[in-house]
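Read the structure below first, then the notes.
Read the numbers this way: they start at 1 and go in the same order the structure lists the ligands and their atoms. All values reported here derive from a predicted model rather than from experimental measurement.
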Amino acid sequence: MLNENLCKLGTETAFSVLAKASELQKYGKTIINLGIGQPDFSTPKHIVEAGVKALRDGQHGYTPSLGLIPLREAVKEDLSVRYGFCPPISQIQITPGGKPVIFMAAMIYGGKGKEILMPNPSFPIYESAVSYSGATPIFYELDERKGFSFDADEILSKITKQTTLIMINTPHNPSGGITPPSEIKKLVSGLENYPNITLFSDEIYDRLVFNTSPHSLLSYPEINDRLIILNGWSKTFAMTGWRIGYGIWPAKVIEYADKIGVNYHSCVNTPTQFAALAATTGEQDCVDNMKEAFKRRAELITENLNNITGISCQMPGGAFYAFPNISQLGVSSELIQNQLLEEYGVAVLAGTAFGCYGEGHLRFSSANSDALINEACSKLKQLTLKYV
Ligand code: PLP
């Protein structure tokens with residue numbers, strides 16, 4: 001007999017679409033991959049060199065389970081400078097990617113009879129991990145007309161006695177939407193009435209914002225004893241394959257996050273931690289340059305998509321995604337996802353890969369060249385002619 005919760009585990013469709021695209025490529029089909037969410041840039045050279053140097057210097061052993069102390073100090077310094085506050089390094093845990101922080105939070109705050117609030121659509125691992133824990137995911141919608149931002153009153157109205165955790169994500173995957181600070185402030189104020197609820201803020205795209213300043217829940221002292229922050233190096237420094245991220249935990253639960261980490265992965269691989277240290281303490285122009293490219297491409301893809309009859313697209317505020325509305329085509333987003341890949345060789349994701357409220361949308365990753373973005377959009381245009 002297997003664990004009965006296994007059937008509640010979801011997945012990340014981005015990886016199955018990637019596998020399907022690779023399979024088609026193997027048989028000679030040319031694929032434009034706008035499916036998986038990762039920067040198309042290489043990790044900056046000084047970061048790679050720091051990882052290689054660590055290997056050459058014999059940094060081959062385990063590190064403390066929470067991560068190298070200089071790395072956690074660098075994270076604290078970086079966040080303190082950028083947001084004015086960061087808890088002590090005893091509350092900072094270096095993890096193999098940002099993703100494990102989601103799973104750990106679900107294990108710590110979930111379980112049978114608990115309710116955890118999360119956006120829908122959202123990064124699919126939220127729903128998967130929470131369901132696996134035995135807790136019930138409770139969805140709140142994002143307002144497309146307001147650039148896919150959340151409504152604090154809607155979130156607060158969904159709180160019950162069973163609610164243990166509220167998950168938020170801004171800039172948001174899959175839409176690139178940003179929730180304005182005024183709405184975040186409203187949520188934090190509303191939470192004064194619910195002192196036992198913890199807030200989970202996924203800030204993995206915090207530095208990839210186009211026309212606004214980065215914003216963090218760390219800037220709200222009234223909530224910092226019941227705040228979890230997820231962040232990392234994957235998106236900001238083009239380090240998705242290195243597998244390194246971090247979680248900042250409330251003082252009263254870091255012990256459990258550390259125990260889960262020790263049970264599961266012991267520590268993050270050592271050279272990767274040295275590479276992340278070089279990323280955080282080194283020159284930051286590389287981040288600004290990548291961000292500028294993502295912004296320009298976001299404008300390009302939005303313009304292209306809005307030029308297709310039957311499709312409308314909000315200009316994303318950050319990250320590297322576009323989330324066009326295709327509901328006027330009158331068919332499911334999964335059908336369009338499959339036809340676009342199989343008939344036109346363009347990999348994108350159906351909005352439903354991010355939850356039921358993603359229906360009527362597609363997610364494009366705009367982390368690709370201008371030429372391929374243009375070509376992908378013109379192929380989508382050809383496909384839409386079947387329906388409009
Ligand atoms: N959170 C969000 C919103 C994401 O989009 C992703 C990756 O796509 C992650 C977390 C996980 O990032 P990592 O690759 O560092 O595990």
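Near Gly98, with a cut-off below 4.0 Å to any heavy atom, the atoms of ligand 1 are 13 (P), 15 (O), 16 (O). The ligand atoms of ligand 1 that sit less than 4.0 angstrom from a heavy atom of Ser234 are 13 (P), 14 (O), 15 (O). Within ligand 1, the atoms closer than 4.0 Å to a non-hydrogen atom of Gly97 are 15 (O), 16 (O), numbered from 1 in the order shown.
Look at Thr240 and you'll find every heavy atom at least 4.0 Å from all atoms of ligand 1.
Contacts between Gln38 and ligand 1, counted as non-hydrogen atom pairs separated by less than 4.0 Å, are absent for every part of the residue. Contacts between Trp233 and ligand 1 below 4.0 angstrom, taking non-hydrogen atoms only, are absent altogether. Of the heavy atoms in His172, none comes closer than 4.0 Å to ligand 1.
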TODO: Begin from the C-alpha positions of Gln273 and Thr63 and carry the test side-chain hydrogen bond (donor to acceptor under 3.5 Å, both in side chains) through to its verdict.
DONE: CA-CA 9 Å; Gln273 294 194 54; Thr63 71; 2.9 Å; yes

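Ring geometry, Phe294 versus Phe320: the interplanar angle falls from 30° to 60°, so the pair is classed tilted.
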Can you give the donor-acceptor pairs under 3.5 Å from side chains of residues 349-360 to other protein atoms, not counting sequence neighbours?
from: Glu359; atom 1: OE1; to: Ser333; atom 2: N; distance (Å): 2.9
from: Glu359; atom 1: OE1; to: Ser333; atom 2: OG; distance (Å): 2.9

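Not counting sequence neighbours, the partners of Asn289 by the side chain to side chain contact (heavy atoms under 4.5 Å, CB included) test are Asp285.
Considering backbone and side-chain N/O of Asn173, one or more are found under 3.5 Å from N/O of ligand 1.
The protein heavy-atom contact nearest to atom 12 (O) of ligand 1 is Ile204 CD1, 3.8 Å.
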